[in-house]
Amino acid sequence: MPIKAPRRERSILLLGRQRTLKHRGIALISSEPIAAAAAAAAAAAGGRMTVKEEPFRFHYGCGDNALQRSPTEKPTFTLGQIKKAIPPHCFERSILRSFSYLVHDLLFAALFLYFAVAVMPKLPSGLVLAAWPLYWVLQGCILSGVWVIAHECGHHAFSDYSILDDGVGLVLHSALLVPYFSWKYSHRRHHSNTGSIERDEVFVPKPRSALSWFTKYLNNPPGRVLTLAITLSLGWPLYLAFNVSGRAYPRFACHFDPYGPIFSDRERGQIFISDAGIVAASYVLYRVAASYGFWWLVRVYGVPLLIVNAWLVIITYLQHTHPSLPHYDSSEWDWLRGALATVDRDYGVLNKVFHNITDTHVAHHLFSTMPHYHAMEATKAIKPLLGEYYQSDATPLLKAMWREVRECIYVEPDEDSKQKGVLWYRNEF
(Lines give C-alpha, C1' and ligand atoms only; values in the text may rest on other atoms or scores of the structure.)
Protein backbone atom coordinates (compact mmCIF):
# COMPACT_ATOMS: atom_id res chain seq x y z
CA MET A 1 0.00 0.00 0.00
CA PRO A 2 1.54 3.35 -1.01
CA ILE A 3 2.51 5.64 1.84
CA LYS A 4 1.85 9.35 1.53
CA ALA A 5 4.94 11.49 1.90
CA PRO A 6 5.06 13.64 5.05
CA ARG A 7 4.35 17.37 4.72
CA ARG A 8 8.06 18.28 4.85
CA GLU A 9 8.86 15.91 1.99
CA ARG A 10 6.00 17.23 -0.11
CA SER A 11 7.38 20.74 0.48
CA ILE A 12 10.77 19.64 -0.85
CA LEU A 13 9.06 18.33 -3.98
CA LEU A 14 7.20 21.61 -4.40
CA LEU A 15 10.38 23.64 -4.02
CA GLY A 16 12.02 21.62 -6.76
CA ARG A 17 9.04 22.20 -8.99
CA GLN A 18 9.01 25.92 -8.29
CA ARG A 19 12.38 26.43 -9.94
CA THR A 20 10.47 26.76 -13.18
CA LEU A 21 6.86 26.88 -12.06
CA LYS A 22 5.81 29.89 -9.99
CA HIS A 23 2.37 30.01 -8.46
CA ARG A 24 0.22 29.11 -11.50
CA GLY A 25 2.80 29.85 -14.23
CA ILE A 26 2.99 26.96 -16.66
CA ALA A 27 6.26 25.30 -17.58
CA LEU A 28 7.96 22.31 -19.05
CA ILE A 29 9.85 21.31 -15.92
CA SER A 30 13.28 19.84 -15.80
CA SER A 31 13.28 16.46 -14.07
CA GLU A 32 16.58 17.06 -12.33
CA PRO A 33 15.63 19.31 -9.36
CA ILE A 34 12.46 17.33 -8.78
CA ALA A 35 14.26 14.01 -8.94
CA ALA A 36 16.89 15.28 -6.51
CA ALA A 37 14.26 16.57 -4.12
CA ALA A 38 12.29 13.34 -4.41
CA ALA A 39 15.41 11.31 -3.69
CA ALA A 40 16.07 13.39 -0.57
CA ALA A 41 12.49 12.89 0.50
CA ALA A 42 12.78 9.16 -0.10
CA ALA A 43 15.88 8.97 2.05
CA ALA A 44 14.16 10.90 4.83
CA ALA A 45 11.18 8.55 4.58
CA GLY A 46 13.34 5.49 4.95
CA GLY A 47 13.21 4.53 1.29
CA ARG A 48 9.43 4.29 1.13
CA MET A 49 9.15 6.48 -1.99
CA THR A 50 10.17 5.62 -5.52
CA VAL A 51 11.20 7.98 -8.28
CA LYS A 52 10.65 7.30 -11.96
CA GLU A 53 13.71 7.78 -14.05
CA GLU A 54 11.96 9.31 -17.06
CA PRO A 55 11.69 13.13 -17.10
CA PHE A 56 8.70 14.64 -15.34
CA ARG A 57 6.71 17.06 -17.45
CA PHE A 58 4.06 19.39 -16.13
CA HIS A 59 0.97 19.19 -18.33
CA TYR A 60 -1.66 21.88 -18.66
CA GLY A 61 -5.16 21.04 -19.79
CA CYS A 62 -7.54 18.18 -19.18
CA GLY A 63 -7.16 14.46 -19.80
CA ASP A 64 -5.77 13.53 -23.20
CA ASN A 65 -5.88 17.20 -24.19
CA ALA A 66 -3.26 18.24 -21.66
CA LEU A 67 -0.46 20.31 -23.14
CA GLN A 68 3.13 20.77 -22.21
CA ARG A 69 5.17 23.77 -23.22
CA SER A 70 5.90 23.95 -26.89
CA PRO A 71 9.57 23.38 -27.79
CA THR A 72 11.47 26.61 -28.42
CA GLU A 73 14.57 25.19 -30.08
CA LYS A 74 14.85 25.69 -33.82
CA PRO A 75 13.03 22.78 -35.48
CA THR A 76 15.01 20.14 -37.32
CA PHE A 77 12.42 20.23 -40.11
CA THR A 78 11.97 23.03 -42.65
CA LEU A 79 8.92 24.70 -44.13
CA GLY A 80 9.66 22.91 -47.40
CA GLN A 81 9.59 19.54 -45.68
CA ILE A 82 6.27 20.39 -44.05
CA LYS A 83 4.84 21.34 -47.43
CA LYS A 84 6.01 18.06 -48.96
CA ALA A 85 4.10 16.15 -46.28
CA ILE A 86 0.83 17.71 -47.49
CA PRO A 87 -0.95 16.23 -50.54
CA PRO A 88 -0.46 18.66 -53.46
CA HIS A 89 -4.21 19.01 -54.11
CA CYS A 90 -4.60 20.70 -50.71
CA PHE A 91 -3.08 23.85 -52.21
CA GLU A 92 -5.55 23.97 -55.11
CA ARG A 93 -8.26 26.66 -54.97
CA SER A 94 -11.63 26.14 -56.63
CA ILE A 95 -13.88 29.07 -57.49
CA LEU A 96 -16.96 26.86 -57.58
CA ARG A 97 -16.22 25.19 -54.28
CA SER A 98 -15.36 28.48 -52.56
CA PHE A 99 -18.56 30.10 -53.82
CA SER A 100 -20.56 27.07 -52.72
CA TYR A 101 -19.59 27.71 -49.10
CA LEU A 102 -20.42 31.39 -49.47
CA VAL A 103 -23.81 30.71 -51.05
CA HIS A 104 -24.53 28.14 -48.34
CA ASP A 105 -23.85 30.69 -45.60
CA LEU A 106 -25.80 33.48 -47.30
CA LEU A 107 -28.81 31.20 -47.80
CA PHE A 108 -28.87 30.35 -44.11
CA ALA A 109 -28.45 34.04 -43.22
CA ALA A 110 -31.42 34.86 -45.49
CA LEU A 111 -33.44 32.04 -43.93
CA PHE A 112 -32.77 33.32 -40.41
CA LEU A 113 -33.62 36.87 -41.50
CA TYR A 114 -36.91 35.69 -43.00
CA PHE A 115 -37.70 33.91 -39.75
CA ALA A 116 -37.06 37.14 -37.81
CA VAL A 117 -39.09 39.49 -40.00
CA ALA A 118 -41.88 37.24 -41.29
CA VAL A 119 -42.40 34.41 -38.81
CA MET A 120 -41.56 35.83 -35.39
CA PRO A 121 -44.13 38.67 -35.49
CA LYS A 122 -46.88 36.00 -35.78
CA LEU A 123 -45.70 34.08 -32.73
CA PRO A 124 -47.30 34.46 -29.27
CA SER A 125 -45.57 37.13 -27.20
CA GLY A 126 -44.01 34.57 -24.87
CA LEU A 127 -42.39 32.69 -27.75
CA VAL A 128 -41.16 35.91 -29.33
CA LEU A 129 -39.11 36.67 -26.22
CA ALA A 130 -37.36 33.32 -26.60
CA ALA A 131 -37.13 33.50 -30.40
CA TRP A 132 -35.11 36.70 -30.57
CA PRO A 133 -32.09 35.35 -28.61
CA LEU A 134 -32.24 32.21 -30.75
CA TYR A 135 -32.18 34.33 -33.91
CA TRP A 136 -29.30 36.43 -32.61
CA VAL A 137 -27.15 33.40 -31.81
CA LEU A 138 -27.88 31.58 -35.08
CA GLN A 139 -27.44 34.66 -37.26
CA GLY A 140 -24.31 35.72 -35.37
CA CYS A 141 -22.73 32.31 -35.88
CA ILE A 142 -23.58 32.02 -39.58
CA LEU A 143 -22.36 35.56 -40.27
CA SER A 144 -19.13 34.66 -38.49
CA GLY A 145 -18.75 32.00 -41.18
CA VAL A 146 -19.24 34.72 -43.80
CA TRP A 147 -16.54 36.74 -42.02
CA VAL A 148 -14.19 33.76 -42.30
CA ILE A 149 -14.80 33.48 -46.04
CA ALA A 150 -13.88 37.16 -46.39
CA HIS A 151 -10.79 36.31 -44.35
CA GLU A 152 -10.00 33.65 -46.97
CA CYS A 153 -10.25 36.34 -49.64
CA GLY A 154 -7.75 38.50 -47.75
CA HIS A 155 -5.28 35.61 -47.82
CA HIS A 156 -5.83 34.93 -51.56
CA ALA A 157 -7.21 31.51 -50.58
CA PHE A 158 -10.65 31.97 -52.17
CA SER A 159 -9.60 31.65 -55.82
CA ASP A 160 -6.63 31.93 -58.16
CA TYR A 161 -7.62 35.49 -59.05
CA SER A 162 -6.57 38.27 -56.67
CA ILE A 163 -9.03 40.79 -58.09
CA LEU A 164 -11.93 38.38 -57.53
CA ASP A 165 -10.75 37.65 -53.99
CA ASP A 166 -10.48 41.33 -53.17
CA GLY A 167 -13.86 42.13 -54.72
CA VAL A 168 -15.67 39.43 -52.75
CA GLY A 169 -13.76 40.23 -49.58
CA LEU A 170 -14.47 43.96 -49.87
CA VAL A 171 -18.23 43.43 -50.24
CA LEU A 172 -18.50 40.87 -47.42
CA HIS A 173 -16.33 42.71 -44.93
CA SER A 174 -17.90 46.08 -45.68
CA ALA A 175 -21.32 44.56 -44.99
CA LEU A 176 -19.96 43.55 -41.57
CA LEU A 177 -18.42 47.03 -41.05
CA VAL A 178 -14.85 45.79 -41.44
CA PRO A 179 -12.39 47.91 -43.50
CA TYR A 180 -11.30 45.08 -45.79
CA PHE A 181 -7.98 46.31 -47.17
CA SER A 182 -6.95 47.90 -43.88
CA TRP A 183 -7.53 44.61 -42.09
CA LYS A 184 -5.93 42.65 -44.94
CA TYR A 185 -2.62 44.49 -44.66
CA SER A 186 -2.38 44.53 -40.87
CA HIS A 187 -3.41 40.87 -40.78
CA ARG A 188 -0.77 40.03 -43.35
CA ARG A 189 1.83 41.55 -41.02
CA HIS A 190 0.41 39.49 -38.18
CA HIS A 191 1.15 36.38 -40.23
CA SER A 192 4.60 37.67 -41.11
CA ASN A 193 5.49 38.34 -37.46
CA THR A 194 3.46 35.86 -35.39
CA GLY A 195 4.92 35.33 -31.94
CA SER A 196 7.19 38.39 -32.10
CA ILE A 197 6.84 40.51 -29.00
CA GLU A 198 7.95 43.59 -30.95
CA ARG A 199 6.35 43.20 -34.40
CA ASP A 200 3.22 41.06 -34.14
CA GLU A 201 0.03 42.98 -34.85
CA VAL A 202 -2.74 41.61 -32.63
CA PHE A 203 -3.10 40.31 -29.06
CA VAL A 204 0.50 41.23 -28.39
CA PRO A 205 1.19 40.40 -24.73
CA LYS A 206 3.04 42.87 -22.56
CA PRO A 207 5.91 42.33 -20.14
CA ARG A 208 5.03 42.90 -16.52
CA SER A 209 6.80 46.27 -16.47
CA ALA A 210 4.51 47.58 -19.23
CA LEU A 211 1.22 46.63 -17.60
CA SER A 212 -1.24 49.33 -16.64
CA TRP A 213 -1.36 50.18 -12.94
CA PHE A 214 -4.88 48.80 -12.56
CA THR A 215 -4.16 45.37 -14.09
CA LYS A 216 -3.43 43.67 -10.78
CA TYR A 217 -6.75 44.89 -9.39
CA LEU A 218 -8.56 43.02 -12.17
CA ASN A 219 -6.79 39.74 -11.35
CA ASN A 220 -9.83 38.34 -9.51
CA PRO A 221 -13.15 36.77 -10.58
CA PRO A 222 -15.16 40.03 -10.82
CA GLY A 223 -12.27 41.72 -12.62
CA ARG A 224 -12.00 38.85 -15.09
CA VAL A 225 -15.72 38.97 -15.81
CA LEU A 226 -15.43 42.71 -16.48
CA THR A 227 -12.36 42.17 -18.66
CA LEU A 228 -14.11 39.51 -20.73
CA ALA A 229 -17.29 41.60 -21.07
CA ILE A 230 -15.39 44.63 -22.38
CA THR A 231 -13.11 42.56 -24.61
CA LEU A 232 -15.93 40.62 -26.24
CA SER A 233 -18.24 43.58 -26.77
CA LEU A 234 -15.78 46.37 -27.61
CA GLY A 235 -12.49 44.63 -28.33
CA TRP A 236 -12.82 44.44 -32.13
CA PRO A 237 -13.99 48.04 -32.79
CA LEU A 238 -11.40 49.34 -30.29
CA TYR A 239 -8.68 47.47 -32.16
CA LEU A 240 -9.78 48.87 -35.52
CA ALA A 241 -10.23 52.44 -34.29
CA PHE A 242 -7.46 52.77 -31.67
CA ASN A 243 -5.16 49.75 -32.16
CA VAL A 244 -6.03 48.47 -28.68
CA SER A 245 -4.11 45.20 -27.99
CA GLY A 246 -2.13 45.76 -31.19
CA ARG A 247 1.51 46.44 -31.90
CA ALA A 248 3.02 49.56 -30.40
CA TYR A 249 3.58 52.31 -32.99
CA PRO A 250 5.43 55.58 -32.51
CA ARG A 251 2.22 57.55 -33.12
CA PHE A 252 -1.52 57.09 -33.19
CA ALA A 253 -2.53 54.07 -35.28
CA CYS A 254 -5.99 53.50 -36.73
CA HIS A 255 -7.28 51.13 -39.41
CA PHE A 256 -9.40 53.89 -40.92
CA ASP A 257 -6.49 56.33 -41.38
CA PRO A 258 -4.81 55.89 -44.80
CA TYR A 259 -1.81 57.90 -43.57
CA GLY A 260 -1.43 56.03 -40.30
CA PRO A 261 1.78 54.15 -39.40
CA ILE A 262 0.17 50.76 -40.04
CA PHE A 263 0.25 51.23 -43.81
CA SER A 264 2.92 51.85 -46.42
CA ASP A 265 2.68 54.45 -49.17
CA ARG A 266 1.67 51.89 -51.80
CA GLU A 267 -1.19 50.65 -49.63
CA ARG A 268 -2.82 54.00 -48.89
CA GLY A 269 -5.02 54.10 -51.99
CA GLN A 270 -6.69 50.82 -51.03
CA ILE A 271 -7.27 52.09 -47.49
CA PHE A 272 -9.39 54.85 -49.04
CA ILE A 273 -11.36 52.13 -50.85
CA SER A 274 -11.89 50.31 -47.55
CA ASP A 275 -13.17 53.50 -45.97
CA ALA A 276 -15.48 54.06 -48.93
CA GLY A 277 -16.86 50.56 -48.43
CA ILE A 278 -17.63 51.35 -44.78
CA VAL A 279 -19.30 54.62 -45.75
CA ALA A 280 -21.43 52.83 -48.37
CA ALA A 281 -22.47 50.11 -45.90
CA SER A 282 -23.25 52.74 -43.26
CA TYR A 283 -25.44 54.64 -45.71
CA VAL A 284 -27.40 51.48 -46.53
CA LEU A 285 -27.90 50.85 -42.81
CA TYR A 286 -29.03 54.45 -42.36
CA ARG A 287 -31.65 54.04 -45.08
CA VAL A 288 -32.85 50.78 -43.52
CA ALA A 289 -33.14 52.44 -40.12
CA ALA A 290 -35.03 55.34 -41.67
CA SER A 291 -37.51 52.92 -43.25
CA TYR A 292 -37.97 50.34 -40.52
CA GLY A 293 -36.80 52.10 -37.38
CA PHE A 294 -33.55 52.21 -35.46
CA TRP A 295 -34.49 49.52 -32.93
CA TRP A 296 -35.65 47.21 -35.72
CA LEU A 297 -32.17 47.52 -37.24
CA VAL A 298 -30.55 46.88 -33.86
CA ARG A 299 -32.57 43.69 -33.36
CA VAL A 300 -32.14 42.34 -36.88
CA TYR A 301 -28.56 43.45 -37.66
CA GLY A 302 -26.89 45.11 -34.67
CA VAL A 303 -27.06 42.31 -32.12
CA PRO A 304 -25.92 39.59 -34.57
CA LEU A 305 -23.03 41.87 -35.55
CA LEU A 306 -22.01 42.14 -31.88
CA ILE A 307 -21.98 38.34 -31.74
CA VAL A 308 -19.83 38.19 -34.89
CA ASN A 309 -17.37 40.61 -33.30
CA ALA A 310 -17.35 38.60 -30.09
CA TRP A 311 -16.64 35.36 -31.94
CA LEU A 312 -13.85 37.02 -33.88
CA VAL A 313 -12.20 38.15 -30.65
CA ILE A 314 -12.68 34.78 -28.95
CA ILE A 315 -11.29 32.81 -31.86
CA THR A 316 -8.24 35.04 -32.34
CA TYR A 317 -7.54 35.31 -28.61
CA LEU A 318 -7.68 31.56 -27.98
CA GLN A 319 -5.60 30.75 -31.04
CA HIS A 320 -2.70 32.84 -29.77
CA THR A 321 -3.12 32.80 -26.00
CA HIS A 322 -2.25 29.65 -24.08
CA PRO A 323 0.23 28.89 -21.26
CA SER A 324 2.01 26.41 -23.53
CA LEU A 325 2.80 28.99 -26.22
CA PRO A 326 6.03 31.00 -26.27
CA HIS A 327 6.63 34.52 -27.51
CA TYR A 328 9.99 35.71 -28.75
CA ASP A 329 11.95 38.93 -28.77
CA SER A 330 14.20 39.90 -31.66
CA SER A 331 17.14 37.89 -30.29
CA GLU A 332 15.22 34.60 -30.66
CA TRP A 333 12.37 35.09 -33.11
CA ASP A 334 12.28 33.50 -36.54
CA TRP A 335 9.32 33.02 -38.84
CA LEU A 336 8.86 29.26 -38.50
CA ARG A 337 8.98 29.14 -34.72
CA GLY A 338 6.64 32.13 -34.60
CA ALA A 339 4.17 30.49 -36.98
CA LEU A 340 4.17 27.39 -34.79
CA ALA A 341 3.41 29.48 -31.68
CA THR A 342 -0.33 29.02 -32.08
CA VAL A 343 -2.82 26.40 -30.96
CA ASP A 344 -5.73 24.56 -32.56
CA ARG A 345 -8.96 24.59 -30.56
CA ASP A 346 -12.08 22.44 -30.67
CA TYR A 347 -15.42 24.28 -30.89
CA GLY A 348 -17.52 21.18 -31.56
CA VAL A 349 -20.17 21.70 -34.23
CA LEU A 350 -19.06 25.33 -34.62
CA ASN A 351 -15.82 24.14 -36.21
CA LYS A 352 -17.81 23.51 -39.39
CA VAL A 353 -19.86 26.69 -39.04
CA PHE A 354 -16.61 28.66 -38.81
CA HIS A 355 -15.09 26.74 -41.74
CA ASN A 356 -12.49 25.07 -39.50
CA ILE A 357 -10.57 28.26 -38.81
CA THR A 358 -10.72 27.14 -35.19
CA ASP A 359 -9.19 23.66 -35.36
CA THR A 360 -6.74 24.08 -38.27
CA HIS A 361 -5.04 27.32 -37.27
CA VAL A 362 -1.54 25.87 -37.07
CA ALA A 363 -1.73 24.75 -40.70
CA HIS A 364 -3.25 28.11 -41.63
CA HIS A 365 -0.29 29.99 -40.18
CA LEU A 366 2.12 27.80 -42.09
CA PHE A 367 0.26 28.04 -45.41
CA SER A 368 -2.24 30.89 -45.33
CA THR A 369 -3.17 30.66 -49.03
CA MET A 370 -4.50 27.14 -48.55
CA PRO A 371 -8.34 27.08 -48.81
CA HIS A 372 -10.19 26.13 -45.66
CA TYR A 373 -11.80 23.04 -47.20
CA HIS A 374 -8.39 21.36 -47.43
CA ALA A 375 -7.07 22.46 -44.05
CA MET A 376 -8.29 19.44 -42.07
CA GLU A 377 -6.54 17.02 -44.43
CA ALA A 378 -3.39 19.14 -44.32
CA THR A 379 -3.45 19.25 -40.52
CA LYS A 380 -3.61 15.46 -40.30
CA ALA A 381 -0.71 15.21 -42.73
CA ILE A 382 1.64 17.54 -40.86
CA LYS A 383 0.98 16.47 -37.28
CA PRO A 384 3.39 13.49 -37.33
CA LEU A 385 6.18 15.69 -38.71
CA LEU A 386 5.58 18.58 -36.32
CA GLY A 387 5.48 16.31 -33.27
CA GLU A 388 5.67 18.34 -30.06
CA TYR A 389 5.68 21.57 -32.08
CA TYR A 390 2.02 20.94 -32.92
CA GLN A 391 -0.30 22.27 -30.21
CA SER A 392 -3.97 21.40 -29.88
CA ASP A 393 -6.31 21.85 -26.92
CA ALA A 394 -9.88 20.56 -26.73
CA THR A 395 -10.65 22.18 -23.38
CA PRO A 396 -14.32 23.31 -23.43
CA LEU A 397 -14.70 26.86 -24.70
CA LEU A 398 -15.93 28.61 -21.56
CA LYS A 399 -13.40 26.82 -19.38
CA ALA A 400 -10.58 27.71 -21.78
CA MET A 401 -11.60 31.38 -21.90
CA TRP A 402 -11.71 31.63 -18.12
CA ARG A 403 -8.42 29.79 -17.70
CA GLU A 404 -6.55 31.91 -20.24
CA VAL A 405 -7.82 35.24 -18.90
CA ARG A 406 -6.74 34.09 -15.45
CA GLU A 407 -3.33 32.60 -16.32
CA CYS A 408 -2.12 34.64 -19.29
CA ILE A 409 -1.70 38.21 -18.04
CA TYR A 410 1.84 39.13 -19.07
CA VAL A 411 4.98 37.49 -20.46
CA GLU A 412 8.49 37.15 -19.07
CA PRO A 413 11.41 34.78 -19.62
CA ASP A 414 12.10 32.01 -17.13
CA GLU A 415 14.50 33.21 -14.45
CA ASP A 416 16.84 30.23 -14.78
CA SER A 417 16.66 29.94 -18.56
CA LYS A 418 19.51 30.72 -20.93
CA GLN A 419 16.95 31.74 -23.55
CA LYS A 420 16.18 35.23 -22.28
CA GLY A 421 14.52 36.03 -25.59
CA VAL A 422 11.84 33.37 -25.03
CA LEU A 423 8.92 34.67 -22.98
CA TRP A 424 6.10 32.75 -21.29
CA TYR A 425 2.77 33.78 -19.87
CA ARG A 426 2.61 34.59 -16.16
CA ASN A 427 -0.02 35.80 -13.71
CA GLU A 428 1.83 36.50 -10.44
CA PHE A 429 1.83 39.96 -8.87
Side-chain angles (χ1 to χ4, degrees), residues 26-28 57-61 65-86 90-91 151 155 157 187-205 247 315-346 356-370 372 374-395 400 404 407-408 411 413-414 417 419-425:
I26 305 306
L28 170 60
R57 294 175 185 266
F58 183 74
H59 291 271
Y60 196 94
N65 302 314
L67 294 183
Q68 63 190 38
R69 274 189 173 183
S70 177
T72 56
E73 298 80 13
K74 291 187 177 182
T76 56
F77 49 81
T78 65
L79 184 64
Q81 290 171 326
I82 301 173
K83 187 173 183 178
K84 287 181 180 179
I86 300 173
C90 290
F91 297 96
H151 165 270
H155 280 293
H187 190 67
R188 178 182 295 178
R189 293 188 179 94
H190 160 62
H191 273 260
S192 298
N193 299 283
T194 306
S196 168
I197 204 70
E198 293 113 346
R199 299 187 307 276
D200 201 351
E201 285 285 343
V202 63
F203 282 118
V204 183
R247 169 184 172 181
I315 292 169
T316 308
Y317 176 74
L318 291 181
Q319 286 166 342
H320 297 283
T321 307
H322 194 286
S324 72
L325 298 180
H327 284 76
Y328 303 94
D329 70 12
S330 56
S331 68
E332 287 282 350
W333 183 87
D334 61 64
W335 184 88
L336 183 55
R337 283 189 292 170
L340 292 170
T342 184
V343 58
D344 286 349
R345 302 278 189 168
D346 186 1
N356 296 107
I357 195 174
T358 48
D359 55 344
T360 63
H361 200 66
V362 175
H364 172 66
H365 262 271
L366 293 169
F367 305 103
S368 60
T369 60
M370 179 190 300
H372 67 85
H374 293 314
M376 286 297 293
E377 183 180 357
T379 296
K380 293 177 182 178
I382 65 177
K383 283 169 66 174
L385 178 60
L386 297 184
E388 291 184 345
Y389 286 89
Y390 174 77
Q391 297 286 299
S392 176
D393 189 355
T395 301
E404 265 56 291
E407 306 290 350
C408 304
V411 290
D414 288 336
S417 173
Q419 292 180 299
K420 296 302 181 184
V422 179
L423 299 91
W424 301 96
Y425 279 109

- In sequence, state the C-alpha distance, the side-chain angles, and the governing distance for Glu198 and Arg247, and then conclude on salt bridge (Lys or Arg N to Asp or Glu O under 4.0 Å). CA-CA 7 Å; Glu198 293 113 346; Arg247 169 184 172 181; over 6 Å; no
- Any side-chain heavy atom of Leu340 sitting closer than 4.5 Å to one from Pro75? yes
- Query: Any ion pair linking Glu388 and Lys383 (charged N to carboxylate O, less than 4.0 Å)?
  - Reply: no
- Listed partners of His320 passing side-chain contact (heavy atoms from CB on, under 4.5 Å), at least two apart: His190, Thr194, Thr316, Thr342, His361, His365
- Output for pair (Asp344 CG, Met376 CE), nearest 0.5 Å, gives 8.5 Å
- Got Asp359 and Thr379 here, is their nearest side-chain heavy-atom distance under 4.5 Å? no
- Query: Between Glu73 and Gln419, do the side chains contain an N or O donor and an N or O acceptor separated by less than 3.5 Å?
  - Reply: no
- Query: Do Glu407 side-chain atoms and Glu404 backbone N/O form a donor-acceptor pair below 3.5 Å?
  - Reply: no
- With side-chain contact (heavy atoms from CB on, under 4.5 Å) as the test, would you mind laying out the steps for Tyr390 and Leu385 before giving the verdict? CA-CA 9 Å; Tyr390 174 77; Leu385 178 60; over 6 Å; no
- Donor-acceptor under 3.5 Å (His322 side chain, Ser324 main chain): yes
- Message: Any carboxylate oxygen within less than 4.0 angstrom of a Lys/Arg side-chain nitrogen, looking at Asp414 and Arg69?
- Response: yes
- Query: Who pairs with Lys83 by side-chain contact (heavy atoms from CB on, under 4.5 Å), at least two apart in sequence or on another chain?
  - Reply: Phe91, Phe367
- Message: Taking atom NZ as the centre, does Lys420 end up with more than 12 heavy-atom neighbours from other residues, nucleotides or ligands that are less than 6.0 angstrom away?
- Response: yes
- Under the 3.5 angstrom rule, does the side chain of Gln319 hit a backbone N or O of Ile357 as a donor-acceptor pair? yes
- Query: Which pair of heavy atoms, one from Ala85 and one from Ala381, lies closest together, and at what distance?
  - Reply: O-CB, 3.3 Å
- Item | Non-neighbouring partners of Ala341 that pass side-chain contact (heavy atoms from CB on, under 4.5 Å), sequence neighbours left out | Pro326
- Message: If you define the side chain from C-beta out and look only at heavy atoms, does anything of Ile82 sit under 4.5 Å from Leu386?
- Response: yes
- Task: Taking the side chain as every heavy atom from C-beta outward, state whether Ile382 and Ile86 have any pair of such atoms under 4.5 Å apart.
- Result: yes
- Query: Between Trp424, Trp333, Tyr425, Phe203, which is the residue that forms a ring pair (Phe, Tyr, Trp, His ring centres under 6.0 Å) with His327?
  - Reply: Tyr425
- Pairwise distance OG1(Thr78) to CG(Leu336) - rounded to 0.5 angstrom: 8.0 Å
- Query: For the atom pair SG (Cys408) and CG (Leu318), what is the distance rounded to the nearest 0.5 Å?
  - Reply: 9.5 Å
- Task: Search all heavy atoms of Gly421 against all heavy atoms of Leu423 and return the closest pair with its distance.
- Result: O-CD1, 3.5 Å
- May I have the step-by-step check of side-chain contact (heavy atoms from CB on, under 4.5 Å) for Trp335 and Leu79, ending in yes or no? CA-CA 10 Å; Trp335 184 88; Leu79 184 64; 3.9 Å; yes
- Please examine the side chains of Thr72 and Val422, heavy atoms only from C-beta on, and report whether any two atoms are closer than 4.5 Å. yes
- Note on the structure: All heavy atoms of Ala378 vs all of Met370, minimum pair found to be CB-SD, 3.5 Å
- Item | Closest contact, heavy atoms only, Thr360 versus Ala375 | OG1-CB, 3.4 Å
- Exercise: do Tyr328 and Asp334 side chains pair donor with acceptor under 3.5 Å: no
- Task: Report the distance from atom SG of Cys90 to atom NZ of Lys380, rounding to the nearest 0.5 Å.
- Result: 11.0 Å
- Considering only NZ, NE, NH1 and NH2 on the basic side and carboxylate oxygens on the acidic side, decide whether Arg189 and Glu201 come within less than 4.0 Å. no
- Task: Evaluate the ring planes of His187 and His364, with Trp represented by its six-membered ring, and classify them as parallel (under 30°), tilted (30 to 60°) or perpendicular (over 60°).
- Result: parallel
- Query: Are any of the side-chain nitrogens in Asp393 or Arg345 under 4.0 Å away from the carboxylate oxygens of its partner?
  - Reply: yes
